[in-house]
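This report concerns only the one structure given below.
Because only heavy atoms are used, hydrogens play no part in the values below, and waters and symmetry mates are left out as well, while side chains stay in.
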Amino acid sequence: MAIYLTKESKVLVQGMTGGEGMKHTRRMLAAGTDVVGGVNPRKAGQTVDFDVPQGLEGLGGAPSAVPVFGTVAEGMAATGADVTVVFVPPAFAKAAVLEAADAGIGLAVVITEGIPVHDSVAFTSYARGRGTRIIGPNCPGLITPGQSNAGIIPADIAKPGRIGLVSKSGTLTYQLMYELRDIGFSTCVGIGGDPVVGTSHIDCLGAFQDDPDTELVVLIGEIGGDAEERAAAYIREHVTKPVVGYIAGFTAPEGRTMGHAGAIVSGSAGTARAKQEALEAVGVRVGSTPTETARLVLELLEAGG
């Protein structure tokens with residue numbers, strides 16, 4: 001079926017009236033997402049008319065007029081929204097997430113990149129204490145193909161299917177979705193590659209393990225930190241479904257800060273090789289390239305897991 005996001009999800013968009021918010025709200029609507037409102041205190045009471053852009057008409061969306069509310073709480077009270085997608089500038093992201101958590105929303109998908117780490121620490125901890133799950137920050141969001149799309153993942157590169165995907169990398173999320181488009185996905189979650197994120201590989205692995213319609217999980221990691229090693233330990237104890245992995249950064253020079261994740265590799269800690277070995281030690285097959293990773297998925301599915 002899905003994890004975290006379904007066709008029943010009612011979505012608010014904080015920052016909907018900005019350039020990025022407008023563009024991606026239109027695409028979410030075209031994917032069939034039930035976008036029930038935007039949030040902008042300066043434009044409360046207005047309505048934004050969205051037309052499905054050419055080429056997206058076949059994805060299940062329709063032209064829609066979306067109301068703008070002054071606060072997340074007002075939007076939730078008026079619409080029953082249970083998801084918010086955050087498209088606000090980095091300086092305002094902390095306040096936006098705290099507002100959503102105070103309103104009691106169940107899921108906040110934080111697309112914004114460039115958020116200071118101390119802000120991310122503050123709002124992820126605050127939200128967790130109030131029962132709000134954070135996806136991100138600095139992430140592409142998540143999509144349950146054929147049901148709902150919260151974020152910036154292209155809706156037309158995959159269909160509903162049997163694979164669950166959790167990824168640190170937005171670009172690799174898209175690539176694996178495309179490579180495995182003929183099989184399809186239950187849910188694809190881009191958790192973000194910042195040093196502090198609200199939802200981890202482990203969280204998604206547990207959710208996919210409990211989802212009866214997810215048969216296999218693809219886990220995409222990258223150099224730096226120990227998230228993948230911790231995921232391997234979790235898989236050993238809790239995951240019975242097959243898992244296929246890919247680690248970005250095998251060619252990264254040692255001791256260098258790499259990419260948006262700011263991943264620093266020191267000695268053997270945090271290297272792609274160390275992560276691969278930890279995953280393989282618990283039975284995860286790890287591809288050396290995205291294409292090989294997709295081939296491993298196909299082999300396991302054809303063999304029945």
Side-chain angles (χ1 to χ4, degrees), residues 4-5 9-29 33-48 50 66-143 148-153 170 189-200 203 260 262:
Y4 305 145
L5 187 73
S9 299
K10 296 182 182 299
V11 179
L12 293 173
V13 181
Q14 291 173 264
M16 184 185 76
T17 56
E20 289 299 301
M22 289 281 287
K23 177 175 69 176
H24 290 294
T25 298
R26 183 175 291 110
R27 296 184 68 86
M28 286 188 280
L29 286 165
T33 305
D34 189 8
V35 179
V36 296
V39 179
N40 183 332
R42 297 188 306 276
K43 298 185 178 181
Q46 298 182 18
T47 298
V48 180
F50 289 94
V66 180
V68 181
F69 300 97
T71 67
V72 173
E74 291 171 3
M76 291 175 65
T79 67
D82 53 2
V83 177
T84 183
V85 184
V86 179
F87 282 106
V88 304
F92 306 107
K94 177 182 174 183
V97 178
L98 295 183
E99 177 190 332
D102 278 337
I105 205 151
L107 178 68
V109 183
V110 187
I111 306 300
T112 307
E113 65 178 322
I115 298 174
V117 173
H118 56 81
D119 283 0
S120 296
V121 170
F123 70 64
T124 54
S125 176
Y126 187 87
R128 189 175 298 114
R130 280 154 182 77
T132 296
R133 174 172 296 283
I134 304 293
I135 305 290
N138 188 15
C139 75
L142 69 164
I143 181 171
S148 189
N149 184 11
I152 64 174
I153 296 174
V189 186
I191 60 174
D194 277 3
V196 175
V197 294
T199 294
S200 67
D203 295 326
H260 72 272

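A distance-only check finds no donor-acceptor pair linking the side chain of Ser125 to the backbone of Ala122 [under 3.5 Å]. A donor-acceptor contact shorter than 3.5 Å links the side chain of Asp82 to the backbone of Lys10.
Distance CD1/Ile135 to CG/Leu142: 5.5 Å, rounded to 0.5 Å. Atoms CD1 and SG, from Ile111 and Cys139 in turn, are 4.5 Å apart once rounded to the nearest 0.5 Å. The distance from atom NZ of Lys94 to atom CZ of Phe123, rounded to the nearest 0.5 Å, is 9.5 Å. Atom OG1 of Thr71 and atom CD of Gln14 lie 9.5 Å apart (nearest 0.5 Å). Atom-to-atom distance recorded for Asn149:CG and Thr33:OG1 is 5.0 Å, nearest 0.5 angstrom. Atom CD1 of Ile153 sits about 11.5 Å away from atom CZ of Arg27, to the nearest 0.5 Å.
Taking each heavy atom of Val197 and Ile191 in turn, the nearest pair found is CG1-O, 3.5 Å. Heavy atoms only, all atoms of each residue included: Leu5 and Ala150 are closest at CD2-N, 3.7 Å. Closest of all the heavy-atom pairs between Pro116 and Pro90 is CD-O, 4.5 Å. Pro89 and Thr112 make their closest contact through C-CG2, 4.0 Å (heavy atoms, listed as atom of the first residue, atom of the second, distance). Shown here for Val72 and Val39, the closest heavy-atom pair between the two residues is N-CG1, 3.9 Å. Between Pro137 and Asp194, the shortest heavy-atom distance links the atoms CG-OD2, 3.9 Å.
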Can you check side chain to side chain contact (heavy atoms under 4.5 Å, CB included) on Thr17 and Arg42, steps first, answer last? CA-CA 10 Å; Thr17 56; Arg42 297 188 306 276; over 6 Å; no
Does the pair Asp203 and Val189 meet the rule for a side chain to side chain contact (heavy atoms under 4.5 Å, CB included), with working shown? CA-CA 11 Å; Asp203 295 326; Val189 186; over 6 Å; no
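Looking only at side-chain heavy atoms (C-beta outward), Val66 and Leu29 come within less than 4.5 Å of each other. Counting heavy atoms from C-beta on, the side chains of Phe69 and Thr79 come closer than 4.5 Å. Looking at Leu12 and Val36, their side chains come closer than 4.5 Å, going by heavy atoms from C-beta outward. At least one side-chain heavy atom of Asp102 sits less than 4.5 Å from a side-chain heavy atom of Arg130.
More than 12 heavy atoms of other shown residues, nucleotides or ligands fall within 6.0 angstrom of atom OH in Tyr126.
For Ala108, the side-chain contact (heavy atoms from CB on, under 4.5 Å) partners are Thr84, Thr132, Ile134, not counting sequence neighbours. The ring pair (Phe, Tyr, Trp, His ring centres under 6.0 Å) search around Phe87 returns His24, not counting sequence neighbours.
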